[in-house]
Number of protein chains: 2
Amino acid sequence: MKRVTIKDLSKFLSLSTSTISRALLNDKNINPETQKRVVEAAEKLGYKPNSTALNLKYGKSKNIGLVVPEMITPFSSKVLRGIQNVLDPLGYRVIITQSDENPLIERENLKLLEEFNVDGIIINLCHESLNEEVYKKLIENDIPIVFFDRIPGKSLQASRVIVDDQIKASLVVEHLINTGRKRIAHIMGPLTIRNVTERANGYKRIVAKYNLTDPDLIVSTEGMTFEDGRKAVQKLLDKNIHFDSIFAFSDTLAIGAMNYLHEQNIKIPEEVAIASFSGTELATIVHPQLTTVQQPLEKMGEAAAQLILEKIKDISSSDQTIIMETELIYRASTAT
Amino acid sequence: MKRVTIKDLSKFLSLSTSTISRALLNDKNINPETQKRVVEAAEKLGYKPNSTALNLKYGKSKNIGLVVPEMITPFSSKVLRGIQNVLDPLGYRVIITQSDENPLIERENLKLLEEFNVDGIIINLCHESLNEEVYKKLIENDIPIVFFDRIPGKSLQASRVIVDDQIKASLVVEHLINTGRKRIAHIMGPLTIRNVTERANGYKRIVAKYNLTDPDLIVSTEGMTFEDGRKAVQKLLDKNIHFDSIFAFSDTLAIGAMNYLHEQNIKIPEEVAIASFSGTELATIVHPQLTTVQQPLEKMGEAAAQLILEKIKDISSSDQTIIMETELIYRASTAT
DNA sequence: CTGAAAGCGCTAACAA
DNA sequence: TTGTTAGCGCTTTCAG
């Protein structure tokens with residue numbers, strides 16, 4: 001069964017294709033009678049507009065690319081949901097690619113998306129600076145690009161969606177202190193990720209304020225996996241560095257750490273309290289449930305989609321940075 | 001900066017567009033000299049083929065739709081990875097939609113994908129039968145559709161990718177018995193999902209074989225969330241039904257159950273062993289780690305992609321059902 | 001109010 | 001070996 005086109009309708013009704021088109025588009029220059037006939041015939045024959053033809057006509061692909069570091073945690077899927085909330089009703093398709101935290105794959109993905117003629121790209125970086133020229137070239141080629149969560153350095157001209165990393169990291173650490181913790185370790189991610197520094201700064205500010213600073217308590221990880229979180233606490237333990245609580249950069253790192261603590265029969269939160277940043281479902285499926293900074297992921301996706309739409313409409317519209325509010329959720333992992 | 005087209009190249013080199021086209025396509029009827037000039041000019045001016053034009057030309061959208069129940073667990077993203085392994089190099093784009101385990105949303109997604117002119121659809125159902133006519137209509141309209149994991153009833157003519165559900169469910173239960181468990185509970189998902197029955201049958205077969213049958217030990221859940229898993233054990237406990245182990249339909253259900261057991265201070269695996277089916281990373285991030293049947297998710301995605309490609313190439317090619325091998329992974333949750 | 005024709009970018013007969 | 005032309009499905013001037 002071949003697809004029904006406007007031409008088929010035109011033959012069927014002995015009308016020109018332009019009349020059919022006008023009828024279907026609710027053009028004013030059309031006899032209501034004719035319009036009705038066309039619409040009915042379209043319905044009857046099962047006519048569906050061919051979006052490809054339209055895209056060619058208007059020089060758009062109506063594809064938006066999304067690049068994320070991973071989809072193992074629900075983080076990206078939540079953001080995707082937000083993006084689709086905005087973009088689906090407008091007829092945009094979202095093409096998803098995963099970079100696996102690997103800048104080389106990210107680069108490939110970007111290339112792929114460019115070949116796919118996407119009208120814009122929404123991206124969560126896996127490395128702050130390594131592909132900077134690639135982003136620049138994209139922007140030069142008038143392909144709008146919006147960064148969210150893990151963004152590039154300030155020199156890059158583009159819109160961004162982020163959260164109040166530093167402030168909320170401070171609050172988490174302050175919360176740990178308020179519950180009586182004095183030796184607060186920080187598991188930070190790799191330094192090639194921007195927020196890592198932001199959240200670490202929040203941490204440092206507060207421990208300094210309370211005179212609890214100890215550089216030994218900060219462990220940087222190689223990557224962002226559960227395994228990296230494990231290794232981080234293991235390192236602390238192996239080095240015999242005493243700590244009574246942990247603030248981890250992400251849920252993933254925190255959970256990896258928790259698992260190692262469990263295996264060592266270290267009680268959470270009695271012996272070691274633990275808190276993190278992200279706020280995905282993951283925080284609620286471990287035991288004890290994880291205190292974490294909840295990011296409005298779906299809203300972030302919506303905001304990013306909105307920003308990309310603005311850029312698509314007018315490529316020279318000014319860049320915006322949207323900072324979203326997060327919420328600190330207290331759970332059993334830091335209970336007293 | 002406007003996109004460079006074949007026309008621009010033709011003007012630039014004073015050649016016809018067809019010559020340009022031929023050069024770019026490595027046609028045999030072309031002077032190597034000319035070819036070289038064209039390729040160089042294309043490079044220099046930054047020519048990129050316009051896929052939309054090609055799609056229109058060939059009557060394809062080169063879009064494949066993917067419909068999954070959720071992306072909270074890594075299940076679907078793993079499958080997606082497999083699909084993309086096959087489809088990306090061929091220039092296909094994958095459009096992802098989530099049905100949230102809601103047949104109505106699934107229906108909307110399908111409608112959306114049809115409007116998007118996808119060349120084919122790969123789908124993991126959220127309800128065995130509710131949207132059957134929709135799938136049928138899609139097939140009638142010559143839109144190839146491949147089902148994986150949760151498939152529809154046999155009456156539907158389409159290719160499928162599944163796993164050896166019943167056999168492996170049996171093995172899990174047998175494993176529990178071998179480790180000395182006698183009161184094995186089964187948390188099954190909603191009966192509207194096909195594999196639920198399959199895995200339950202595997203369970204029933206084995207408990208019957210060992211004379212351990214007790215209908216009270218089977219709990220069906222309303223949905224597939226962590227919460228549903230929680231509620232299931234809670235029900236058993238509230239009813240004072242004694243059990244020393246659990247076989248859960250999925251990792252999600254199992255983890256929900258684990259959490260409730262933890263809260264009730266019931267030791268895993270000492271008091272209650274627990275095993276499940278799925279084999280995502282989720283099984284390894286809880287404590288104790290979960291014994292589970294690992295499905296070759298990436299491979300399943302690849303297989304599904306392959307099947308859809310066959311159908312795209314030849315819509316009348318015969319339907320296939322691929323049954324993939326799974327692997328039972330023993331972990332601490334069922335240790336003795 | 002309706003029709004004819006051009007054009008979006010590209011390929012593929014058909015001519016030359 | 002290269003050029004001319006038609007056409008994929010649709011919208012949109014421009015005529016009528």
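Here is how names work: the chains are called A, B, and so on, in the same order as the sequence lines, proteins then strands, and each is numbered from 1. Not measured: the values here are computed from a predicted model.
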For atom CD of A:E115 and atom C1' of C:dG9, their distance in whole Å: 17 Å
Near-strand residues of residues 4-12 of chain A, defined as heavy-atom separation under 4.0 angstrom from DNA chain D: A:T5, A:I6, A:K7
Name every residue in residues 27-50 of chain B that has at least one heavy atom under 4.0 Å from any atom of DNA chain D, in order of residue number, or write none if there are no such residues. B:N29, B:I30, B:N31, B:T34
Residue set satisfying side chain to side chain donor-acceptor pair (under 3.5 Å) with A:Q35, at least two apart, ordered chain then number -> A:N26
Rounded to the nearest 0.5 Å, what separation is found between the OG1 atom of A:T97 and the CG atom of A:L110? 7.5 Å
Test log, rule side-chain contact (heavy atoms from CB on, under 4.5 Å), inputs B:R150 and B:C126: CA-CA 7 Å; B:R150 308 202 211 145; B:C126 60; 4.3 Å; yes
Is the shortest distance from a Lys or Arg side-chain nitrogen in A:E114 or B:K48 to a carboxylate oxygen in the other one below 4.0 Å? yes
Nearest-nucleotide wise, let me know which of B:S14 and B:G59 is further upstream toward the 5' end of DNA chain D. B:S14
Angle separating the five-pair end axes of the helix from C:dC1-D:dG16 to C:dA16-D:dT1, nearest 10°, is 50°
Rounded to the nearest Å, what distance is computed from the NZ atom of residue B:K62 to the C1' atom of nucleotide C:dC10? 15 Å
So A:L56, base contact, sugar-phosphate only, or nothing? Heavy-atom distance under 4.0 Å. base
Keeping A:S159 on the side-chain end and A:Q320 on the backbone end, is there a donor-acceptor pair under 3.5 Å? yes
Are a donor atom and an acceptor atom from the side chains of A:Q84 and B:Q98 found within less than 3.5 Å of each other? no
Gap between atoms NZ and C1', on B:K60 and D:dG9 respectively (whole Å): 16 Å
Does a salt bridge link B:D119 with B:R93, judged by any charged N lying under 4.0 Å from a carboxylate O? no
Note: A:G91 and B:F116 closest approach over all heavy atoms is O-CE2, 3.7 Å
Tell me: CG of B:N26 to P of D:dT1, nearest whole Å? 14 Å
Protein-nucleic acid N or O pairs under 3.5 Å, nucleotides 12-16 of chain D:
unit_1	atom_1	unit_2	atom_2	d
D:dT12	OP1	A:Y58	OH	3.0

What's the CG-C1' distance between B:L13 and D:dG3, to the nearest Å? 15 Å
For A:E43, check salt bridge (charged side-chain N to carboxylate O under 4.0 Å, His left out) against everything at least two apart and list the hits. none
Please determine, by modelled atom types, if A:S51 and B:N117 share a side-chain donor-acceptor pair under 3.5 angstrom. yes
Between B:D100 and A:R81, is there a side-chain N and carboxylate O pair less than 4.0 Å apart? yes
Without hydrogens or angle criteria, can the side chains of B:S16 and B:T19 be said to hold a donor-acceptor pair below 3.5 Å? yes
Identify the residue among A:K154, A:R160, A:K311 that makes a salt bridge (Lys or Arg N to Asp or Glu O under 4.0 Å) with A:D319. A:K311
